[in-house]
Amino acid sequence: MNVRTRVAPSPTGDPHVGTAYVALVNYCFAKKHGGQFVLRIEDTDRQRSTPESERAILDSLHWLGLAWDEGPDAGGPHGPYRQSERSDIYREYVRVLLDAGHAFKCFCTPQRLEEMREAQRAAKQPPRYDGSCLRLTSAEIERAEAANERYVVRMKVPERGVCVVDDLRRGPIEIEWNTVDMQVLMKSDGMPTYHLANVVDDHLMEITHVIRGEEWVSSAPKHMLLYRYFGWEPPKLMHLPLLRNPDKSKLSKRKNPTSILFYRAMGYLPEALLNFLGLLVSSSPEGEEIADLGTLVQRFDFEHISLGGPVFDVQKLDWLNGRYLREQLDTAGFLQRVLAWGFEPSRAERIASLARPRVERLSDLGPLLAFLFAGRLPVTAEQLRDGKLDGEQVRRSFALAMWRFDAVRDWRVAEIERVLKSVAESLRQKLRDVTRPFYVAMTGSPTSVPLYDAMELLGRDIVRERLRFALDLLGRPNAAEEKAWKALQAASAPPPEIA
RNA sequence: GGCGCCAUCGUCUAUCGGUUAGGACAGCGCCCUUUCAAGGCGCAGAGACGGGUUCGAUUCCCGUUGGCGCUACCA
């Protein structure tokens, strides 16, 4: 059998290390068996998907050294590889399900669904679709359609019995059909949901093994059912454990840097990061932990992937990266990496133009620009608080800025300035007083090169990390504060439109 | 809450019924060394709990506990 695997990221944010991890496993499995590895973009969420995110994901995976045989940028015989370009295909298959009576149109409004769930929660029932539109007569359906009412298409689900999902690593997983919801397959905007799109695409793209995150286990019955409805043979399934924060919760950017871009900005080498991820996939029998992609493929054995969710241990990554820096590179190679990391020509020029007006001797450069070449800065809570704002206001300004920065698409001076001004407005403070602690948090000093430029140069991920660190110093907002501050944010400063 | 997944040192893991439970990161100590790293050597550190099955369980089964995930017109 020709093995074909895929990774199917959703372009709704920064490229996540978890995506790289899943991609790596899929890559290794396919290559180990001489098969193909496909990259597919799951951008059926029109609100959240952005081309910037897609670009960043593709770039990041390439940066890590992963290559796919088919994908939106590579082409291939099963394209298009971007789901937003496959609407007609899904529509056709929805038609098939509808005609066969495996799916039905649902005219329920979001409000009704919300009320229904609330009632179910109140009655201690699991929230599930109540099947109301299942009982619609054909006359009623025609009337609703004639009136142009918006509808979604839901799948029918057996009322009783169990679904056995075969997981390559975990064995059979039994899930009762009556715990499976009548999932929406096609949204009212005509786009498919993940459940429909992934089944149709995996079949059409001849994917033989679906290796994905553990979060999909509970919806696997829906997917199996769809294969059955279509009369297709389902691919083999394997669910990978989720990467964890040190506290064992699912790795999240609230608690840790999760963006591949962050690790790149911090000066980790792509081969070290990939190797590190590979250590979570397969451990070396001989004990040697340095392994390139080829070695990872060669020693790959899915039987050896442990099922416990591994903590993303940055200290071990640091050690591994250090070994790459001093063992795998000679001085010339090292210098080349340094230059590429921090002195790429246009960046160097930008830095020079910011520094030049502020130095009297070239030897002033070190202290002035050190923050650009550092990870965490040695700042203290006292330094953050020593301006006109009190500690509470500083905390609030950092939290607000962090949240608002997340919504910024284009990480540029103008956008950064806009956010900081909006923060000052929300706090009803002078911009100058608000920005002072930001200088400290970002550059380590209240006086430095212009803040917005510094932040743009630092990049979104380092900025986020420094804000998080500063917030840790001052005390993270608790749940109640977070809620109150977010409300304040909504009330006093509606996010300005995207420039 | 319901359903599901998972469970070896602080962390990543080896072990696939019989081992002094091995290695790596982090920690600690010693050595090397003009300093600091790096490196070498060493120390400390684990089978969640309770029942079975078995001559024998970390390993197989059940239960408990704990962690995690899902519970959307997000993926």
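Source: prediction; values computed, not measured. Throughout, a chain's letter reflects where its sequence line sits, starting with A, and its residues are numbered from 1.
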Length of the CG-P vector between A:L307 and B:A14, whole Å: 11 Å
Separation between CG of A:L64 and CZ of A:R264, rounded to the nearest 0.5 Å: 9.0 Å
Between B:G52 and B:U59 - C1' atom distance, rounded Å: 15 Å
RNA chain B: 5'-proximal contact among A:L279 and A:E176 (nearest heavy atom): A:E176
Interface with RNA chain B, restricted to residues 163-173 of chain A and to heavy atoms under 4.0 Å: A:R170, A:I173
Whole angstrom value for the distance that separates C1' of B:U13 from CZ of A:R299: 12 Å
B/S/- contact track for nucleotides 64-75 of chain B, protein heavy atom under 4.0 Å: ---SSSSSSBBB
Identified side chain to side chain contact (heavy atoms under 4.5 Å, CB included) partner of A:M191 from the options A:M186, A:Q83, A:R46: A:R46
Heavy-atom side-chain proximity of A:D318 to A:Y268 below 4.5 angstrom: yes
pair A:W403-A:W485: side-chain heavy atoms closer than 4.5 Å: yes
Pairs meeting criterion side-chain hydrogen bond (donor to acceptor under 3.5 Å, both in side chains) with involvement of residues 9-22 of chain A, two or more places apart: none
Counterpart base for B:C43, defined by Watson-Crick or G-U wobble contacts under 3.5 Å: B:G27
side-chain contact (heavy atoms from CB on, under 4.5 Å) against A:V419, all qualifying residues, sequence neighbours excluded: A:R404, A:F405, A:V408, A:V423
Salt-bridge criterion met for A:R143 and A:E145 (N-O under 4.0 Å): no
Nearest-angstrom distance, P atom, B:A46 to B:A21: 12 Å
Atom C1', compared across B:G45 and B:C9: separation rounded to whole Å: 5 Å
Base paired to B:C36 (Watson-Crick or G-U; both N/O distances under 3.5 angstrom): none
Distance, C1' atom - from B:C55 to B:C49, rounded to whole angstrom: 25 Å
Salt bridge (Lys or Arg N to Asp or Glu O under 4.0 Å) contacts in which one or both residues fall within residues 208-223 of chain A, not counting sequence neighbours: A:R170-A:E214
Opposite nucleotide pairing with B:A14, Watson-Crick or G-U, both atom distances under 3.5 Å: none
Atom pair CZ/CG of A:R6 and A:D202 - distance to nearest 0.5 Å: 4.0 Å
Touch class at under 4.0 angstrom, heavy-atom based, for A:H16 against every strand present: nothing
Where protein sits on nucleotides 23-41 of chain B, one letter per nucleotide: B base, S sugar-phosphate only, - none, heavy atoms under 4.0 Å: -BSS-----------SS--
For the student: nearest non-hydrogen atoms of A:P192 and A:A197, plus distance: CG-CB, 3.9 Å
B:A21 - base-pair partner by Watson-Crick or wobble geometry, distances under 3.5 Å: none
Counter-base of B:C70, judged by Watson-Crick or G-U geometry with both distances under 3.5 Å: B:G2
Rounded distance in Å between the C1' positions of B:C12 and B:G27: 16 Å
Test log, rule ring-ring contact (aromatic ring centres under 6.0 Å, His included), inputs A:F373 and A:F343: CA-CA 10 Å; A:F373 305 97; A:F343 300 90; 5.1 Å; yes
Complementary nucleotide for B:G63 - Watson-Crick or wobble, under 3.5 Å: B:C49
Electrostatic pair A:R466-A:D461, nearest N-O below 4.0 angstrom: no
Span that lies between the C1' atom of B:C61 and that of B:G23, in whole angstrom: 31 Å
Separation of the P atoms in B:U58 and B:U53, to the nearest angstrom: 16 Å
Whole-angstrom distance between B:C74 and B:U15, as gauged at atom C1': 41 Å
Any strand: nucleotide that pairs with B:U8 via Watson-Crick or wobble, under 3.5 Å: none
Sub-4.5 Å side-chain heavy-atom contact between A:L329 and A:R337: yes
B:U54 - base-pair partner by Watson-Crick or wobble geometry, distances under 3.5 Å: none
